[in-house]
Structure formats: C-alpha cells, structure tokens
Amino acid sequence: MEWSILQQYGPMLLRGFGLTILCWLLGTVLGMVLGLVIALVQRYAPRPVGWLVQAYIEVIRGTPFLVQLFVLYYGGPLVGLRLDALPAGILGLTIYGSPYFAEIFRSGFRAVPNGQIEAARAIGMAEPTIVRRILLPLGLVSALPALVNFSIILTKETVILSIITVPELMYQTQRMSTETFRYLEANLVLALFFWALVETISRFGRRLEKRITGYLIERT
Amino acid sequence: MLAASSVEIRKVNKYYAKFQALKDVDLSIPPGKVTCLIGPSGSGKSTLLRCINFLEEYDSGEVLIDGSLIGYDTPGGRRMSGRKLRDMRRSIGMVFQQFNLWPHMTALQNVAEGLIRVRGMKKAEAEARAAEALKKVGLADKMANHPSRLSGGQQQRVAIARAIAMEPRLMLFDEPTSALDPELVGEVLNVMKALASEGITMVVVTHEMGFAAHVADQVAFMEKGELVGVDAPSGILHHPEDPRIQAFLKTYHERNSF
C-alpha cells in the first residue's frame, strides 16, 4: 500500500467528507420534517388526502433511490425544475427518506396509549394542543431508536449522490482512484470516514435516548 | 359547596358494528348526588359512562348535561363543533381505570397542564392551584415525582387531582380502583368519599359494592347493554327484586367470601 498519496489527496477527501456530512444532515433533518408532516396528515386529514399521501409513500418506497435521483436531476428540467447537483442531491435524500420517517413516526404515535389522549380530550384540550403537548413528546420517545437507525442508513445512501456529480466523499474517492489507481487505499479511507460518522451518530443517539427516556422507565 | 350538574340520559343506543352495547338506556342523575353503575363485565356500564362526556359517541337518544345535549347539535342531528364539545367537557372531570397520567410530566405538571392549556391560566397561578389540588388528595410531598415514581394509588389520586383542579361540576369515574393492588384501593376510595361530601355530582362505574352501599345515593344495575334497575343502594344491593341482580350479587358474594 502507498499511503503517501494521501498527502496530496487528503484535503480533497476531507472536503468530500464535509460535503457528505452536510448532505446527510440536511437530507435527514428535512426528511424527518417531511416525514412528520406526512404522519400527521395521515392521522388527521380526511380520507382522500390520506390516500394521496399513502400513494406517495408507496411510490417512493417502491423505487430505488438512484432512479429517483435520475428522475429529479435529469428529468426535472423537462418540467422546469432546474437544480444544481448539490441541492438536487439534498432534495433527493429528503424525498427518499420521508416515507420511511413517516412510517417511523406513525408507529411512534401508535405507541402512545389512547387513554392518555382521551385524558387530554376529557379535560377539554384542543386537538392541536394534544398533538403538541402529548402526542409528539411521547411519540418521539417511542420513535427515537428507529429514527436514529434510519438516519444511520441514510449516511450510506449519500454515496449515490456522486452519480449526479455532487463532489462528496464517494466522488472524491473515485477521482483519487482513477487518477492514481490506488483503489484500495482510497476506499479504505472512505470506509474509515463512514465508520467514524456512523459510530458518532449511534453514540449520540444512545445518549439522547438515555436522557429523554430516563424518567419514563419504570423504576422499582 | 361546589356547583353540581345534573345528567339526563334518554333512550340511548350504541352499536359496535352489529353488536348493540347500549339498549334504550334511560337514567336520571340528580345534581350533587353519587350514582354508582354496577353490573357484570361487558354490560355496558363503562360505555354508558363514556357517553356522558362523549368520549364514546352514542348512536341515538339524548344525553343532557344540565339540560343541554352533548355531542350533537340536535337530537339525531349533526355532530356538535369541537369547540362546543370542549366547552362542555371543561366542566366534566373524568378518572380512568388505567389512570392515564402523562408520563413525561411530573405530578404537578399533570395537574397544571389543563389549567394552562384549557383554562388559559399563567403557569405560576396554575401550579399554585395544582399544588392545592394535590394537597387535597394527600400528595403534597409527591408533586415533583413523575408517574413512574408513584404507586398505583398515588397515580390515581394525581388523576383525581388533575380532574378536580379544573373545578368540574360533574365527575365521572371509570372503575377507578380496578387496576389497583387491594391494599391501595382504600386511599383512592377515601378521596372519592371526601369529594362526594363536597356535593359534586359523581357517576362511578365500580365493582366496589362497599363503596356503592355506603356512599352512593342511587345504584343502577346494568346487564347486556340494558339498564335493569335503579334504586337506593339498599334497594339494589340488599333487596333486589330482579332475578338478574340477585344472580349477580350471588356470584359477587360467593367470590368475596372465604
């Protein structure tokens, strides 16, 4: 192995890694927000709207991310949606993640005992207040492990953005490989970066889980 | 003395698909009195209770709180608006079998929540009122505890405090002691007795015949969705005429003798 080329390519790889983190972070946060909105619409909107949303979920979950990205980036301009690679990639991640996040939130909401919602209704609390004060905090606690898990899955989906020329870590790795033929070194570096990212997220997730569920766990 | 509501239930029917849970139920609940609903499991007592604050939607008939219909604009008409329903519910407290406290809030926050979000009180004022309600149910020293750090009996007393802090004119109890260990039943019944003596209207679904005998002003017996009889406690519990009530009490006494 020849690690000295990292002196030359290191900064580029680091920049790529930074962009990977940016894409992942924005795609995950926006995907969660969209997923949450979808889950709330499914719970509260009238039937026809619910069906539409369900159709959206089925379509996005039923097609590969790569295909969605192609449609968005290369097909978008045909309908007047002209996006640069980076925003297209982030938007793509957002859309791709949203139905999974929606399902996670839905199951989190379902884990909230109905009696606790009824108790709020019985004292005359309005439905939006119930969502904000009871359903969301309790549902999020139940959903947290699955949210962290899917966020971790999404880190690795970011490599697909290289195909629409977002210069993230995978893109830079490939560039280094083709310019130097050092495939092994390049990909080992990529693996290391991803492992570090995933490990950080999962540690953070576990800490968060411990903090916010501490008082919910029965202590006898 | 607190202001007390009356409840009029007229020809109420309730279906779950084809199963009829309530059959032409008529019941008059006078203000300031304690009414106990008894009967076998699945007889419709809880369903009837839940129709009184419209947590359960009855299909026909009328439920009137102080003369005004709850749940519908007119008998058999459209569902009433959410705002109207919420306004009516503000004066009806409810206590559940499973307590249903909000686990992410302390005892004090559980009680203050409704005062802040429904009555629009300032936080400090609400918490002062909540502390008072908790003191009343004997939990002044547990205010900062989350429900997971309270016994079942304590949780149920917090739930009662949560309801009475809203100053209801009517209290509904849905088997408030059924989920409790036997040694914790007494503390909850004592709080309910104290509440009864304040003159608030109470409707209690219960299997505690002792409570029904000593605290209730009237006892209603239900079976298979029908209201079989309503009378003073002695009439239902000691001298029942209907063979269905006799049979129910016989199994009850057999189970509780040793």
With chain A as the partner, which of [options] has the greatest number of non-hydrogen pairs under 4.5 Å?
options                              : result
B/Asn100, B/Leu101, B/Asp87, B/Val95 : B/Asn100
B/Leu85, B/Asn53, B/Leu55, B/Ile92   : B/Leu55
B/Glu113, B/Met166, B/Gln98          : B/Glu113

So with a 6.0 Å cut-off around OH of A/Tyr74, is the heavy-atom count from everything else above 12?
yes
What residues of residues 109-127 of chain A sit under 4.5 Å from chain B when you count only heavy atoms?
A/Gly115, A/Gln116, A/Glu118, A/Ala119, A/Ala120, A/Arg121, A/Ala122, A/Ile123, A/Gly124, A/Met125, A/Ala126
Show me the side-chain donor-acceptor pairs of residues 163-171 of chain A shorter than 3.5 Å, one per line, residues at least two apart or across chains.
from, atom 1, to, atom 2, distance (Å)
A/Glu168, OE1, A/Met170, N, 3.2
A/Glu168, OE2, A/Met170, N, 3.3
A/Glu168, OE2, A/Tyr171, N, 2.9

Verify, without hydrogens or angle tests, whether B/His104 (side chain) and A/Ile134 (backbone) share a donor-acceptor contact under 3.5 angstrom.
no
Give the table of side-chain donor-acceptor pairs shorter than 3.5 Å for residues 76-87 of chain A, with sequence neighbours excluded, one pair per line with atom names and distance.
none

So for B/Arg50, is it side chain, backbone, both, or neither that comes closer than 4.5 Å to the heavy atoms of chain A?
side chain
Please flag which part of B/Leu172 lies under 4.5 Å from any non-hydrogen atom of chain A: side chain, backbone, both or neither.
neither
Using atom types as modelled, flag every donor-acceptor pair under 3.5 Å from a side chain in residues 24-34 of chain A to any protein atom, sequence neighbours excluded.
from, atom 1, to, atom 2, distance (Å)
A/Trp24, NE1, A/Thr28, OG1, 3.1
A/Trp24, NE1, A/Ser151, O, 2.8
A/Thr28, OG1, A/Trp24, O, 2.7

